[in-house]
Amino acid sequence: MKLITAVVKPHRLDEIKEALQAFGVHGLTVTEASGYGRQRGHTEVYRGAEYTVDLVPKIRIEVLAEDDDSEQLIDVIVKAARTGKIGDGKVWSLPVETAVRVRTGERGPDAL
Amino acid sequence: MKLITAVVKPHRLDEIKEALQAFGVHGLTVTEASGYGRQRGHTEVYRGAEYTVDLVPKIRIEVLAEDDDSEQLIDVIVKAARTGKIGDGKVWSLPVETAVRVRTGERGPDAL
Amino acid sequence: MKLITAVVKPHRLDEIKEALQAFGVHGLTVTEASGYGRQRGHTEVYRGAEYTVDLVPKIRIEVLAEDDDSEQLIDVIVKAARTGKIGDGKVWSLPVETAVRVRTGERGPDAL
Amino acid sequence: MASAAITLAAEAPKLSSANTGFMLICSALVLLMTPGLAFFYGGMVRVKSTLNMLMMSFISIGIVTILWVLYGFSLAFGSSNGFIGYNSDWLGMSNVGLTELWDGYTIPIFVFMVFQMMFAVITPALISGAIADRVKFSAWALFVALWLTVVYVPVAHWVWGADGWAFKLGVIDFAGGTAVHINAGAGALGVILVIGKRVGFKRDPMRPHSLPLVMLGCGLLWFGWFGFNAGSWLGNDDGVGALMFVNTQVATAAAMLAWLAYEKIRHGAFTTLGAASGAVAGLVAITPSGGAVSPLGAIAVGAIAGVGCAAAVGLKYRFNIDDSLDVVGVHMVGGILGSLLIGFFATGKGQSAATGVFYGDHSFTQLWKQFAGVGAVLGYSLVASAVLAFLIDKTIGMRVTEDEEVAGIDQAEHAETAYDFSGAGGGIGTSALAAPETKKVDA
Amino acid sequence: MASAAITLAAEAPKLSSANTGFMLICSALVLLMTPGLAFFYGGMVRVKSTLNMLMMSFISIGIVTILWVLYGFSLAFGSSNGFIGYNSDWLGMSNVGLTELWDGYTIPIFVFMVFQMMFAVITPALISGAIADRVKFSAWALFVALWLTVVYVPVAHWVWGADGWAFKLGVIDFAGGTAVHINAGAGALGVILVIGKRVGFKRDPMRPHSLPLVMLGCGLLWFGWFGFNAGSWLGNDDGVGALMFVNTQVATAAAMLAWLAYEKIRHGAFTTLGAASGAVAGLVAITPSGGAVSPLGAIAVGAIAGVGCAAAVGLKYRFNIDDSLDVVGVHMVGGILGSLLIGFFATGKGQSAATGVFYGDHSFTQLWKQFAGVGAVLGYSLVASAVLAFLIDKTIGMRVTEDEEVAGIDQAEHAETAYDFSGAGGGIGTSALAAPETKKVDA
Amino acid sequence: MASAAITLAAEAPKLSSANTGFMLICSALVLLMTPGLAFFYGGMVRVKSTLNMLMMSFISIGIVTILWVLYGFSLAFGSSNGFIGYNSDWLGMSNVGLTELWDGYTIPIFVFMVFQMMFAVITPALISGAIADRVKFSAWALFVALWLTVVYVPVAHWVWGADGWAFKLGVIDFAGGTAVHINAGAGALGVILVIGKRVGFKRDPMRPHSLPLVMLGCGLLWFGWFGFNAGSWLGNDDGVGALMFVNTQVATAAAMLAWLAYEKIRHGAFTTLGAASGAVAGLVAITPSGGAVSPLGAIAVGAIAGVGCAAAVGLKYRFNIDDSLDVVGVHMVGGILGSLLIGFFATGKGQSAATGVFYGDHSFTQLWKQFAGVGAVLGYSLVASAVLAFLIDKTIGMRVTEDEEVAGIDQAEHAETAYDFSGAGGGIGTSALAAPETKKVDA
Ligand SMILES: Nc1ncnc2c1ncn2[C@@H]1O[C@H](COP(=O)(O)OP(=O)(O)O)[C@@H](O)[C@H]1O
Ligand SMILES: Nc1ncnc2c1ncn2[C@@H]1O[C@H](COP(=O)(O)OP(=O)(O)O)[C@@H](O)[C@H]1O
Ligand SMILES: Nc1ncnc2c1ncn2[C@@H]1O[C@H](COP(=O)(O)OP(=O)(O)O)[C@@H](O)[C@H]1O
C-alpha cells in the first residue's frame with residue numbers, strides 16, 4: 001500500500017475531493033498547513049514596522065491507496081490541484097507497511 | 001524503526017495516551033485533522049442556504065517506535081481508539097530511515 | 001528522495017528556515033502540532049478544579065530532499081533547532097517513492 | 001427596587017423627563033446584560049457548544065419580552081392578595097396611557113414595565129449556565145416560558161409588588177438578590193437534579209474555549225449592572241440610586257480581589273476566570289444589599305461573597321452534581337450571602353431606616369426577615385423548577401442524545417459551528433459538494 | 001424623528017439639562033452601533049476578509065463625521081424648497097452658539113447635529129455588507145463621501161427636514177425606515193448590480209467565520225438602537241420616546257422568534273445566524289413605525305418583518321444577485337415592511353393623530369403617503385447609487401483583482417490578517433526574516 | 001473637568017436629578033473603558049500573553065476602586081497647600097451624606113467621587129500596554145497600588161483640585177490630557193527604562209493575535225470616552241458638555257483619517273491597527289482641549305495628533321526602547337499635543353475665556369501655562385514611576401523568567417491559556433490524566 005500526500009492550495013480541496021470520488025476513492029484526511037517555496041508570502045504592516053510573512057496557507061491531504069492505484073491517483077490529484085500558477089504545491093508517495101481500520105481491525109487493502 | 005500514524009476520533013486521545021503509557025511509550029506528536037470516509041459530515045444552514053460539511057474532525061497521532069514493537073503498538077492504539085462506530089479511523093505504519101533526538105543528536109532507538 | 005520530518009519547538013522556526021536557506025533548500029511545509037515526551041506540560045486551574053495539560057505546542061516541518069542531501073540536511077535542521085533543553089524534539093526521514101510538482105507535473109528531483 | 005415611593009409633600013408626582021430618560025438608559029443597560037451573559041457563558045463552554053450557550057440567552061430575550069407584555073407584567077405587578085397580582089389594563093399594555101405614571105413615581109408605567117421586563121429576561125437566562133452542552137433547544141424554550149410564568153412572576157410579586165407578602169413583611173431586596181439570583185440559582189439546582197450530568201463530567205477537563213469572550217461578557221455584565229442596580233431606585237431625586245451605584249462598583253472590586261486571593265492561596269495562580277467569577281459574585285451579592293449598606297459595608301459584602309462563592313464552586317465535584325458553569329455556586333450562594341448580610345450591615349441611612357445587627361440597636365429583626373425571604377424563594381424555586389424540568393423531560397424530553405452531545409450540540413440543534421478559521425476561509429471543513437444549487441434557493 | 005415640536009403653551013422652550021443629557025447618551029449609543037455593525041458583518045464573512053469588513057464601517061465613521069460637520073448637516077437640515085436645505089451658519093458649525101436651541105426643542109443645536117451625525121455615519125456603513133470581499137478600500141472611501149452627499153443628505157432632508165417634501169406630505173418615519181434602511185438597502189442593490197458577484201458565489205459555502213462575533217454585533221446593535229429609536233423624539237417630556245423604546249424591544253423579540261420559527265420549518269434548525277438576522281429585521285421594521293403603533297401592533301410588525309425578511313434573503317440565489325450579507329433582504333425589505341405597516345397599524349395615539357387602516361376611520365390615506373415615501377426613496381437611492389458605483393468603477397475601479405479576492409482582501413488592501421492563533425504566537429505564518437531592522441524604523 | 005462651578009446667581013445649587021442621572025451613566029461609560037482597554041491591548045499581543053494583558057487592566061479596577069474609596073479621593077480632592085489634599089470625612093466615604101452636593105455643583109459628592117474613581121482606575125491600566133508579556137502579576141498589582149498613591153493622586157490634585165497649583169495657575173485640562181494621558185505615558189516610559197525589552201524585540205514580528213479584539217476595544221473605548229469627556233463638565237445646564245461631546249467625535253474621526261493617510265503614504269496600506277490607533281490618538285488629544293476649541297479646531301487637533309502619533313510610534317525601534325503597545329507614542333505624545341494645542345486653538349468661547357495664539361489677542365500666555373502643566377506632570381511621573389519600578393524590581397522582582405516569557409506569561413502567571421479551539425473542544429492540548437479526581441474537589 002502507499003500513502004499519497006499532497007500539499008496544495010486550499011481552494012482546490014473541493015476539486016480534489018470530486019476527482020477522487022470520481023476515481024473511486026472515498027476517504028481522505030486533511031490537515032491545515034503552510035509552506036513556502038518559489039511562492040513567497042506577503043508584507044504585513046504593524047504600527048511603524050513592516051515585516052514579511054513568507055509562509056503561505058496550504059492544505060495537506062493524505063490518501064491511503066493500493067499499490068496499483070497509486071500512480072494513477074497521483075495523476076488524478078495533480079490534475080485536480082493544478083491552477084498553473086506558482087505555489088500549486090507538491091504530491092509525494094510513501095511506502096506503507098501496515099494499515100488498519102480501527103473499527104474492525106481489518107488490515108491491508110480491506111482497511112481502506 | 002517505524003513511524004506509526006493514527007487518524008482517530010478526537011475524544012479517544014486520552015485513552016490512547018493512557019494505553020501507550022501502559023505499554024511503555026512515553027512520547028507522541030499530535031496534529032488536528034479532519035477527514036471523511038464512510039462517515040460523512042452534517043448539514044449546516046446559512047440564511048436561505050443549506051450545505052453539507054463532509055469533513056469530520058479527527059486527530060492525527062504520530063509515534064516513532066522500534067521495529068519490534070511496532071505491530072504490537074498498532075494493536076494497542078487500535079484497541080484504545082475503537083468505539084465500534086463508523087469513523088473510528090485508520091492506523092498505518094511507515095518505515096523510518098533515520099531518527100534523531102534534536103537535543104542530544106542521538107540516533108536510532110536512542111532517539112526515542 | 002527522502003521526506004525529512006522535524007517536530008521542534010515553535011520559536012526555532014526562523015532559525016531552521018535560515019539554516020535551510022543557507023544550505024540551499026528553498027521550500028518546506030509546516031503544520032502546527034503538539035506533543036509530549038520527557039517534557040510534560042503544565043497545570044491549568046479552572047474554578048475549583050486543577051488539571052494537567054500535558055501536550056506542549058510544537059511545529060512539524062516537512063522537507064523533501066534528494067537522497068544525497070538528506071543526512072546532511074538532517075544535521076542542519078538538528079543544529080538549527082537545538083536549544084539544549086528537553087523538548088527540543090525529533091527529526092526523522094522516510095523514503096519517498098515519487099514526488100511531483102503540481103504546477104508542471106515534473107517528477108523526482110526536478111519537483112523540488 | 002425602591003422600597004418606598006418618593007413623594008414630595010402632598011403633591012402628586014409629575015412626569016420627570018430626567019428620571020424618565022435615566023430609566024430608559026438603565027433599561028437599555030439591563031437589556032445588554034443578557035447578551036453579556038451569553039458571552040460570559042459562551043466563552044466558558046467547549047467550542048462545540050458555544051452557539052447553543054449563546055442561543056439559550058437570546059431566546060430568553062425573545063420569549064420573555066413577548067410574554068411580559070402579554071401578561072407577565074400584569075401578574076407580577078398588579079394588585080393582589082399577596083401571592084400573585086393581576087391588572088386587566090396591563091394585559092398587552094393596551095389600556096395604558098403614555099403619560100400615566102407608575103404609582104407614586106415620576107416615570108410612566110411604560111417605562112417601569114420595560115425596565116422590569118429586562119429583569120424578567122435575564123433571570124431565566126441565568127439558569128442556562130447550569131445545563132450547558134446537553135439540553136434540547138425546544139425543551140429549553142418551553143422551560144423558559146413555563147418558568148417565567150410559574151416561578152419568576154409570582155416571586156417577583158412577593159418581593160417587589162406593593163401587595164407582595166415579602167415586601168409587606170419588610171424583606172429588603174433592592175434590585176433582585178432573591179427575585180433574580182437566588183431564584184435563578186435555586187431553579188438551576190432543581191433542573192440539574194432532574195437532568196443529570198454531562199457525558200464526561202469529572203473525567204474531561206472541559207475548560208473554557210475562549211477566556212477573552214468570558215471577559216467580554218464580564219465587562220458587559222458589570223457595565224449593564226449599573227443600570228440594573230442604580231436604576232432600581234427609579235430616579236435620582238435623592239442620593240440613594242447613587243449610593244447603590246457606588247456600592248455596586250466597590251463590592252464588585254472587593255469580590256474580585258477576594259476570589260483571586262482565595263484562588264492564589266488554594267491553587268497557586270490568579271486566574272482570569274477567577275477574576276471574572278469574583279466580579280460576578282460581587283455584583284450578585286450587592287444587588288439586594290447595596291441600597292442599605294455603606295461603602296465600607298459594601299467592601300465587606302463583596303469580600304465575603306468573593307471568598308464564599310470561590311469556595312462554593314468546588315462543591316459540585318464533591319457532591320457530584322454537574323452545575324456546569326456554576327450558577328448555583330455563584331448566583332444562589334452569592335444571592336443568599338448578599339441577602340443575609342443586609343441583616344448585619346444595613347446602616348439605616350440608605351434606602352430605609354432598618355438596621356442590621358452591627359448598627360442601630362443591634363437587633364436581629366431584619367436578619368430574620370431576610371431569612372424568611374431567602375428561604376421562601378429558594379424553596380419555592382427549587383421545587384417548582386425541578387417539577388417543570390421533570391414534566392418536560394417526561395413529555396418532549398430534556399436532553400439530546402449522547403452521540404449528539406459528544407459530537408457537539410451546536411451541530412445537532414443549530415446546524416452550525418461557532419468558528420471557521422481555516423486558512424482558506426470555508427475551505428477545510430466545509431463543502432458545497434453535496435449541496436446542489438437548488439438546495440440553496442429559498443423562496 | 002419627532003414629527004412635531006414640543007412647545008409648552010406660549011413659552012419658548014428652554015434648554016433642558018435632562019433632555020440634553022439624554023440626547024448625548026443616545027448619540028453615544030448610536031455611535032456604538034457602527035462598530036456593532038462592523039462586528040455583525042465582520043463575523044459573517046470568511047476569515048480572509050474580516051478586517052476589510054470592519055474597516056468599511058470604521059472608515060465611514062471617519063469620513064462622514066468630518067463631512068457632516070463641514071456641510072452635511074447644513075444641507076440636510078437647513079431651510080429649503082423641499083429638496084435640499086442650506087444654512088450658512090451651520091457650515092463647519094462655526095456660527096452656532098453653545099446654548100442656541102434646536103428650533104422648537106429643548107436641546108442645543110450642537111446636540112441635534114451630533115445625534116443626526118451618528119445616523120449619517122451608520123447609513124452608508126450598512127451598504128458595505130452587500131459588497132463584502134471584493135471592493136477596493138479607496139473606492140469604498142470615495143463612494144461613502146459621494147453617497148453621503150448625493151444620496152443621504154437629500155433623502156434625510158425630504159423625510160426629516162422641516163421643509164422636506166415628504167415631511168410636509170405627512171410621511172411617517174420616526175427614526176429612519178426610509179431615510180436609513182430603505183435608503184441603504186436600495187443603495188446596496190444599486191451598487192451590486194454594477195459590481196457583480198464574488199468569485200465562487202453559489203459554488204462555495206462562504207459561511208460565517210465567527211458566529212460569536214456576529215452575536216456581539218447583534219447585541220451592540222440592539223443596545224445602541226434604543227438610542228437611535230427612543231432618542232429620535234429628542235426628549236422625554238411626554239411618553240412618546242418611552243413608547244418607542246418599548247416597541248423597539250417588543251418588535252425585535254417578535255421578529256427574532258418569527259425568523260427562527262420560519263427557519264425551523266423550512267430548514268429544520270434554529271440557527272444562531274437566524275436569531276441575529278431576525279432581531280435586526282425587527283429593529284429595522286420598528287424604526288419607522290414604533291412611535292405610531294401599540295405594543296401589540298409592534299408584535300405584529302416584528303413578526304411580519306421576521307418572516308418577510310427570512311423569506312427574502314433566499315431570493316438572491318434565485319435572482320443570482322450577490323447581496324453578500326443580505327443588506328437588501330434585511331434592510332430594504334424590512335424598511336419597506338415597517339414603513340408600509342404604519343399605514344395599517346398606526347393607532348393615532350402615539351407620535352401623531354394619523355391612523356392606519358385597522359384603526360380610527362379605517363382610511364387608507366396614511367398608507368398611500370407611506371407608499372409615496374417608500375417609493376421615492378427606494379427609486380432615488382437605487383438609481384443614484386448605481387450611477388455612483390458605475391462612475392467610480394469607470395475611473396479608479398471598484399473591484400480588487402480576482403487573485404487578490406481569492407487570496408483574501410485583507411492582505412491585499414490592509415496588509416494584515418485578522419488572527420494569529422499559532423501555538424508560538426507569531427511563530428508559524430510569520431517571519432521577520434525578510435524584514436531588515438532598518439525597515440522597522442519609522443520616523 | 002469643569003474649570004468653574006456653575007452657580008445660578010446667588011442661589012446655592014440644588015441636587016439636579018438630570019445631572020445626577022447623567023453623571024451616573026457617564027461613570028458607567030468610563031468604567032466600561034477599562035475592559036475596552038483590556039481588549040484593545042489584549043488583541044494586540046501574541047496569543048500566549050493575551051490573558052495577562054486582560055488581567056493587568058481588570059486588577060487595576062479592583063485595586064484602585066478600593067483604595068480610592070479608602071483614601072484616594074480624600075487626598076486627591078481634599079483641600080490643600082496646592083500639592084496634596086486631605087479631607088478626613090471622605091476617608092472611606094464614611095461621613096458623607098447621600099444628598100451632600102459637590103461644592104458648587106448640582107450632583108452629590110458620592111457621584112463626583114465615583115466618576116473620578118473611574119478615571120483613577122483606567123490611568124494605571126493604560127501603562128500596562130508598555131510592559132506586555134514580561135511582568136510578574138504580583139509586581140504589577142503592587143505597582144498599581146503604589147503608583148496610584150504616589151503619582152496619580154498628587155497629579156490629579158494639582159490639575160483638578162480646587163487648591164491644586166496647576167489649576168490655580170490656569171492650566172487647562174478639561175478631562176485629563178495631563179492627569180491621565182501624559183501621566184500614564186510618561187509613567188510607562190519610566191517603567192520600561194527600568195525593566196527593559198521583551199525577549200525577541202526587533203527580531204520577532206510580534207504581531208497582534210486578534211485584530212477584531214483590538215477593534216472591539218477601540219469601539220468600547222470610543223463609546224465610553226463620551227462619558228469621560230462630556231461627563232467632565234458635571235452636568236448639562238449649559239452647552240459646554242455638548243461641545244465637548246461634538247469635539248470628541250470630530251477629533252477622533254480626523255485623527256483616524258490622518259493616521260490612515262500617513263500610513264498609506266509611508267507603508268502603502270490602510271491598516272486596521274492604524275485606524276484603531278488613530279482613533280485613540282484623537283481621543284487622547286481632544287481630552288484636554290475639547291472644551292476650549294471649536295469643531296473646526298477639533299479637526300485640526302485630531303489631524304495633528306493622528307500624524308504626530310503615527311510618526312512617534314516608529315521611534316521605539318530607533319531608540320531601541322520596547323514600549324510594547326505604544327503607550328508612550330500614543331498617550332504621552334497625544335496628551336502633549338492635545339495640551340499644547342490648546343495654547344493655539346482655544347477660542348475663548350467654550351469652557352473659559354482664555355484664548356490661544358490663533359484667537360483673541362493672539363497672546364502666548366495660555367500656551368506657556370500649558371507648557372508648565374505638561375512639563376511638570378511629565379517630569380514628575382517619569383521619575384517617580386521609574387523609581388517605583390526600580391524599588392519593586394530590587395525587592396520582589398519585576399520580570400518573569402526568560403523561559404516563562406518565551407513559553408507565554410499566561411501559563412506561568414495565570415495557569416491558563418486564552419483559547420481552546422481544538423476540534424474536540426478540550427481534546428487536544430488538554431488532559432485530565434494527571435489530575436486525580438480528588439484534585440478537583442475544592443472545599
Ligand atoms: N522541498 C520541499 N519540501 C516540502 N514541501 C515543499 C518543498 N518545496 C515546496 N514545498 C511545498 O510546496 C508548496 C509550493 O511550492 P512552490 O515552490 O511555492 O511552488 P511550485 O511547486 O508551484 O513551484 C510550498 O508552499 C510548500 O508547502
Ligand atoms: N483512504 C484513506 N486515506 C486516508 N485517510 C482515510 C482514508 N479513508 C478514511 N480515512 C480517514 O479515516 C477516517 C475514518 O474513516 P471512515 O471510512 O469514515 O470510517 P471507518 O474507518 O470506521 O470505516 C476518515 O475520517 C479519514 O480521516
Ligand atoms: N516516540 C515519539 N514519537 C513521536 N514523537 C515523539 C516521540 N517522543 C517524543 N516525540 C516528540 O518530540 C517532542 C520532544 O520530546 P521530549 O521527549 O519531550 O524531548 P527530548 O526529545 O528533548 O528528549 C515531543 O513533544 C513530541 O512531539
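Letters A, B, ... are given to chains in the order of the sequence lines, protein chains preceding strands, and every chain is numbered from 1.
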For [X], which atoms come within 4.5 Å of any heavy atom of chain F: side chain, backbone, both, or neither?
{"X": "E/Phe39", "value": "side chain"}
{"X": "E/Met117", "value": "side chain"}
{"X": "E/Leu24", "value": "both"}
{"X": "E/Phe137", "value": "side chain"}
{"X": "E/Ser210", "value": "neither"}
{"X": "E/Thr417", "value": "both"}
{"X": "E/Ile61", "value": "both"}
{"X": "E/Glu413", "value": "backbone"}

Check step by step if side chain to side chain contact (heavy atoms under 4.5 Å, CB included) holds for E/Leu15 and F/Asp238. CA-CA 8 Å; E/Leu15 193 156; F/Asp238 57 20; 5.6 Å; no
Could you tell me if the side chain of [Y] sits less than 4.5 Å from the side chain of [X], heavy atoms only?
{"X": "E/Met55", "Y": "F/Leu260", "result": "yes"}
{"X": "F/Pro212", "Y": "E/Tyr419", "result": "yes"}
{"X": "E/Leu70", "Y": "F/Leu296", "result": "yes"}
{"X": "F/Asn236", "Y": "E/Val111", "result": "no"}
{"X": "E/Met113", "Y": "F/Val246", "result": "yes"}
{"X": "F/Pro295", "Y": "E/Phe110", "result": "yes"}
{"X": "E/Leu216", "Y": "F/Leu216", "result": "yes"}
{"X": "E/Ile25", "Y": "F/Leu29", "result": "yes"}

Please rank E/Leu51, E/Thr34, E/Thr99 by heavy-atom pairs under 4.5 Å with chain F and give me the top one.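 Highest number of heavy-atom pairs under 4.5 Å: E/Leu51.
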So which atom in [X] and which in [Y] form the shortest heavy-atom distance, rounded to 0.1 Å?
{"X": "F/Thr272", "Y": "E/Glu416", "answer": "N-OE1, 2.5 Å"}
{"X": "E/Ala28", "Y": "F/Phe226", "answer": "CB-CD1, 3.7 Å"}
{"X": "E/Gly62", "Y": "F/Leu257", "answer": "O-CD1, 3.6 Å"}
{"X": "F/Met256", "Y": "E/Phe58", "answer": "CE-O, 2.8 Å"}

Apply the test salt bridge (charged side-chain N to carboxylate O under 4.0 Å, His left out) to residues F/Arg207 and E/Asp420: give CA-CA distance (whole Å), side-chain angles for both, the deciding distance (0.1 Å), then the verdict. CA-CA 8 Å; F/Arg207 65 172 177 165; E/Asp420 181 357; 3.3 Å; yes
Top residue by heavy-atom pair count (under 4.5 Å) with chain E, among F/Gly239, F/Gly219, F/Cys218?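 Of the candidates given, the most pairs with chain E belong to F/Gly239.
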Between F/Ala253, F/Ser16, F/Gly227, F/Gly21, who has the most heavy-atom pairs with chain E when the cutoff is under 4.5 Å?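 Sorted descending by pairs with chain E, the first entry is F/Ala253.
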What part of F/Lys349 gets within 4.5 angstrom of chain E, counting heavy atoms only: side chain, backbone, both, or neither?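 The backbone, not the side chain.
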Please look at F/Ser294 and chain E and tell me whether the side chain, the backbone, both or neither of the residue comes under 4.5 angstrom of a heavy atom of that chain.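 Interface part for F/Ser294: neither.
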Determine yes or no for a side-chain-to-main-chain donor-acceptor pair under 3.5 angstrom, with E/His414 supplying the side chain and F/Phe270 the backbone.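 Yes; judged by distance alone, with no hydrogens or angles, the pair exists.
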